[in-house]
Participant: 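Can you read through this structure? Questions will come right after.
Proteins get letters first, then strands, A, B, ... in listed order; numbering begins at 1 in each. Heavy-atom basis, side chains included; hydrogens, waters and symmetry copies ignored.
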Protein chains: 2
Amino acid sequence: MHLKSLRLFMAVVESGSFVAAAKKLNTVQSNVTTHIKKLEEELGVQLIQRAGQVRPTSAGLALVEYAQSMLSTHDKAVALFQNQTKACGHLRIGAMETTTALRLPPILATYHAQYPEVDIHLTTGPTAELAEQLLSGQLDCAFVAGPLKHEHYYGLKAFDEQLVLVGAEPMASMPSVETLTASAFLAFRQGCSYRQRIELLLASHGINASRIFEFGSLDAMLGCVAAGMGYALLPSATVEAHRHRFEVHTLALPAPIAQVDTYFVAAQPNTWTPALERFAATVRESVSATRHSPTAA
Amino acid sequence: MHLKSLRLFMAVVESGSFVAAAKKLNTVQSNVTTHIKKLEEELGVQLIQRAGQVRPTSAGLALVEYAQSMLSTHDKAVALFQNQTKACGHLRIGAMETTTALRLPPILATYHAQYPEVDIHLTTGPTAELAEQLLSGQLDCAFVAGPLKHEHYYGLKAFDEQLVLVGAEPMASMPSVETLTASAFLAFRQGCSYRQRIELLLASHGINASRIFEFGSLDAMLGCVAAGMGYALLPSATVEAHRHRFEVHTLALPAPIAQVDTYFVAAQPNTWTPALERFAATVRESVSATRHSPTAA
DNA sequence: GCCATGCTATCTCAAAAAGAGATAGAGATG
DNA sequence: CATCTCTATCTCTTTTTGAGATAGCATGGC
């Protein structure tokens with residue numbers, strides 16, 4: 001059963017004429033006859049009454065319902081990919097905890113306002129996990145630290161974060177090696193790229209094995225830092241955004257360790273759904289907007 | 001977009017391999033490649049990721065939903081006409097008032113018990129109206145008086161009714177010409193074949209223009225006959241079924257006028273929906289059952 | 001690091017199908 | 001009864017499909 005046959009069938013039913021149906025679909029009457037006949041053979045029933053007036057038989061009328069369903073589904077699918085309709089369907093986004101907290105809300109709000117038909121699924125996790133999920137097809141796109149090592153993947157530098165050392169007490173300069181060695185560090189669970197930076201930072205000071213506590217949420221981490229449990233390494237902007245809720249102090253770090261770029265990554269653009277395409281556009285716009293008008297970094 | 005392409009696409013998605021998909025649908029791998037490629041060209045997006053493991057891209061995943069809808073609708077349609085599923089859909093039945101009252105209930109009950117998925121639409125009306133509706137495609141089948149004059153139509157003699165003269169007073173023999181001329185006759189609205197019989201009956205007695213009242217319902221008619229408003233011509237079995245509610249008297253009539261056959265009529269069997277096919281079967285069974293075991297006629 | 005294996009893309013040729021035109025036949029109309 | 005309109009059928013050309021063979025690429029084991 002070809003969709004074209006169904007389309008011709010519907011045209012015949014609607015116009016009540018083979019000739020009219022042929023004209024409507026830019027073909028020839030003999031083709032209409034052939035297609036209808038083939039449909040009838042395939043289903044084993046006569047679908048169109050030709051004698052007298054041309055109209056669907058009982059069986060034809062029954063087929064109409066199925067044909068309409070199939071054709072409209074087909075049209076919807078085509079229209080969707082042709083961007084003739086508003087984006088719809090699902091969009092599975094992954095993001096780091098810190099990105100989710102600070103950068104994502106305005107973007108998601110803008111996107112959702114413009115494409116309310118899209119079901120957004122937001123997954124939070126460390127970079128390594130997100131990358132794996134993206135590669136295995138469980139995510140459509142993700143915000144991760146650093147560009148994806150994988151080639152053949154789309155990457156857009158979205159935000160650059162400055163990591164700062166966060167502690168309970170004011171710091172004028174880097175704490176001493178003794179202090180650092182004795183202190184605990186608070187980080188997100190395994191796979192977080194910021195955690196790798198902690199180890200980098202410690203290594204640069206000759207310290208190799210400090211105690212690291214794993215946290216699942218940003219709030220818990222900041223709360224524990226404020227309570228003097230230890231140090232954390234977090235994006236400056238994130239800490240600033242939460243400063244009114246937690247009494248913590250920060251110390252800027254040297255660029256090589258401090259600078260972490262957050263990338264928007266996804267598969268190649270030619271594999272994108274319209275929903276993803278529009279989301280990428282929203283991200284791009286948001287990025288260029290904040291970059292050109294340097295508001296609170 | 002061909003349904004076959006979608007089927008291959010789904011097989012690839014499900015099996016994660018072009019070769020496996022080809023085997024599953026009894027074809028060759030190169031055909032799978034071609035079909036998928038064509039789909040991708042048509043929609044302008046890559047649907048399947050080939051590098052590494054073969055799996056749907058974001059766009060492919062979006063198409064899956066549409067493809068499933070179209071394919072399952074197609075399968076349902078085919079299964080329906082192939083009688084691989086229980087009958088479903090609509091069934092528009094037409095019947096005369098008297099048939100509806102007496103003959104139809106057991107048939108409809110049997111049918112509905114066996115095919116509860118079928119939506120039954122029952123239209124009541126006089127023979128002429130029903131025939132017109134059947135011919136214009138507004139009905140799938142009908143119970144009418146006498147065979148349909150139209151050829152190319154299916155007709156099954158379902159019941160034979162004996163018309164009797166119904167009056168308020170006991171009748172030993174045919175009322176006199178004077179009585180008949182002075183009396184009113186009660187009949188269904190224009191188009192009812194029983195009404196033609198009244199005119200036939202009167203004509204056979206040399207009376208040509210008697211007063212005829214039109215009624216829409218059997219109950220009203222019998223009630224008015226019992227009240228002495230006039231005579232009616234009705235199937236004996238119908239009157240018998242209502243005798244406990246109305247005090248009326250009947251008189252048998254000579255066969256040529258009395259005998260009226262009720263036919264089950266429909267378009268040719270090769271145009272029937274499965275629902276109609278099963279209904280015709282139910283009618284046939286019901287007819288042969290009552291014919292072989294002569295219970296109350 | 002090399003080879004074997006398994007997978008997909010591409011090419012080619014034969015077969016099938018679709019499309020378009022011409023014509024015949026059926027039914028409606030005046 | 002003549003005419004007009006519509007569908008079925010036939011035929012020929014063009015296009016598409018299907019199947020096989022082969023090349024190219026990645027993966028996994030040795």
Side-chain angles (χ1 to χ4, degrees), chain A residues 1-43 45-57 59-60 132 135-137 149-153 267-268 270-271, chain B residues 1-42 45-57 60 132 135-137 149-153 267-268 270-271:
Chain A
M1 186 184 298
H2 287 67
L3 287 177
K4 182 166 251 170
S5 303
L6 289 178
R7 206 146 248 144
L8 285 169
F9 169 71
M10 287 303 297
V12 169
V13 169
E14 281 161 17
S15 65
S17 150
F18 281 49
V19 171
K23 273 182 197 155
K24 196 171 173 183
L25 296 184
N26 298 314
T27 184
V28 180
Q29 170 264 324
S30 62
N31 290 335
V32 179
T33 297
T34 310
H35 271 110
I36 299 289
K37 224 168 150 185
K38 210 161 197 174
L39 266 184
E40 291 180 329
E41 277 169 25
E42 191 176 342
L43 295 177
V45 285
Q46 190 179 330
L47 297 168
I48 301 284
Q49 184 200 86
R50 277 89 152 176
Q53 53 180 327
V54 173
R55 57 180 182 71
T57 62
E132 191 188 335
L135 264 54
S136 72
K149 289 153 297 296
H150 246 266
E151 50 189 326
H152 299 310
Y153 267 73
Q268 290 287 34
N270 68 344
T271 69
Chain B
M1 187 184 297
H2 287 69
L3 286 177
K4 184 167 249 170
S5 303
L6 290 178
R7 207 146 247 143
L8 285 169
F9 169 72
M10 288 303 297
V12 169
V13 170
E14 281 161 17
S15 64
S17 151
F18 282 48
V19 172
K23 272 183 198 156
K24 196 170 171 183
L25 296 184
N26 299 314
T27 182
V28 179
Q29 170 263 326
S30 62
N31 290 334
V32 180
T33 297
T34 310
H35 271 110
I36 299 288
K37 227 167 147 185
K38 209 160 197 176
L39 265 184
E40 290 180 330
E41 277 169 26
E42 191 176 343
V45 284
Q46 191 179 331
L47 297 169
I48 301 284
Q49 184 200 85
R50 277 89 150 176
Q53 52 178 328
V54 173
R55 57 179 182 71
T57 63
E132 191 187 334
L135 263 54
S136 73
K149 288 152 298 297
H150 246 267
E151 51 188 324
H152 299 310
Y153 267 72
Q268 289 287 34
N270 68 344
T271 69

Participant: From C-beta outward on B:Val19, which listed nucleotide comes closest to its side chain: C:dC7, D:dA19, C:dA9?
Facilitator: C:dC7
Participant: Please determine which of B:Val12, B:Val54, B:Asn31 meets the side-chain contact (heavy atoms from CB on, under 4.5 Å) test together with B:Ile36.
Facilitator: B:Val12
Participant: Round to a whole Å and report the spacing from CD of A:Gln46 to C1' of D:dA8.
Facilitator: 13 Å
Participant: Side chain of A:His35 only, please: which of C:dG19, C:dA9, C:dA20 is the nearest?
Facilitator: C:dG19
Participant: Between D:dG18 atom C1' and B:His2 atom NE2, what is the distance in whole Å?
Facilitator: 13 Å
Participant: Around atom NZ of A:Lys24, are there more than 12 heavy atoms from other residues, nucleotides or ligands closer than 6.0 Å?
Facilitator: yes
Participant: Of B:His152 and A:Leu8, whose closest DNA chain C nucleotide lies nearer the 5' terminus?
Facilitator: A:Leu8
Participant: Identify the residue among B:Gln29, B:Lys37, B:His35 that makes a side-chain hydrogen bond (donor to acceptor under 3.5 Å, both in side chains) with B:Thr33.
Facilitator: B:Gln29
Participant: Counting only side-chain heavy atoms from C-beta out, which of C:dG19, D:dT17, D:dA8 sits nearest to B:Lys38?
Facilitator: D:dT17
Participant: Given C:dA20, D:dT7, C:dT8, identify the nucleotide with an atom nearest to the side chain of B:Thr33.
Facilitator: C:dT8
Participant: Does D:dT17 have OP1 or OP2 sitting under 4.0 Å from an N or O in the side chain of B:Asn31?
Facilitator: no
Participant: Could you state the atom-to-atom distance from CD of B:Gln53 to P of D:dG28 in whole Å?
Facilitator: 11 Å
Participant: Would you say B:Thr271's side chain and A:Thr57's backbone share a donor-acceptor pair under 3.5 angstrom?
Facilitator: no
Participant: Using whole Å, report how far CZ of B:Phe18 lies from C1' of D:dG18.
Facilitator: 17 Å
Participant: To the nearest angstrom, how far is A:Lys37 atom NZ from D:dC6 atom P?
Facilitator: 20 Å
Participant: Take the protein atom CG of B:Leu39 and the nucleotide atom P of C:dA9, then report the distance between them rounded to whole Å.
Facilitator: 13 Å
Participant: Regarding B:Val32, tell me which of base, sugar-phosphate or nothing describes its non-hydrogen contacts under 4.0 Å with the strands shown.
Facilitator: nothing
Participant: Looking at every strand, decide which applies to B:Thr34 at a 4.0 Å heavy-atom threshold: base, sugar-phosphate, or nothing.
Facilitator: nothing
Participant: Between the base of C:dG19 and the side chain of A:Ser30, is there a donor-acceptor distance below 3.5 Å?
Facilitator: no
Participant: Closest to the A:Lys4 side chain: D:dT9, C:dA20, C:dG19?
Facilitator: C:dG19
Participant: Within this structure, what is the NZ-to-C1' distance between A:Lys23 and D:dT7, rounded to whole angstrom?
Facilitator: 14 Å
Participant: Side chain of A:Arg50: nearest nucleotide among C:dC7, D:dT7, C:dG19?
Facilitator: D:dT7
Participant: In whole angstrom, what separates B:Arg55's CZ from D:dA26's P?
Facilitator: 17 Å
Participant: Compare the minimum distances between each of C:dT8, C:dA20, D:dT7 and the side chain of A:Gln29, then state the nucleotide with the smallest one.
Facilitator: D:dT7
Participant: Could you check which of C:dT8, D:dT7, C:dA20 has an atom nearest any side-chain atom of A:Thr27?
Facilitator: C:dA20
Participant: Is it true that a side-chain atom of A:Ser5 and a backbone atom of A:Met1 form a donor plus acceptor pair closer than 3.5 Å?
Facilitator: no
Participant: I'd like to know if the side chain of A:Glu40 and the backbone of A:Leu47 have a donor-acceptor N/O pair within less than 3.5 Å.
Facilitator: yes
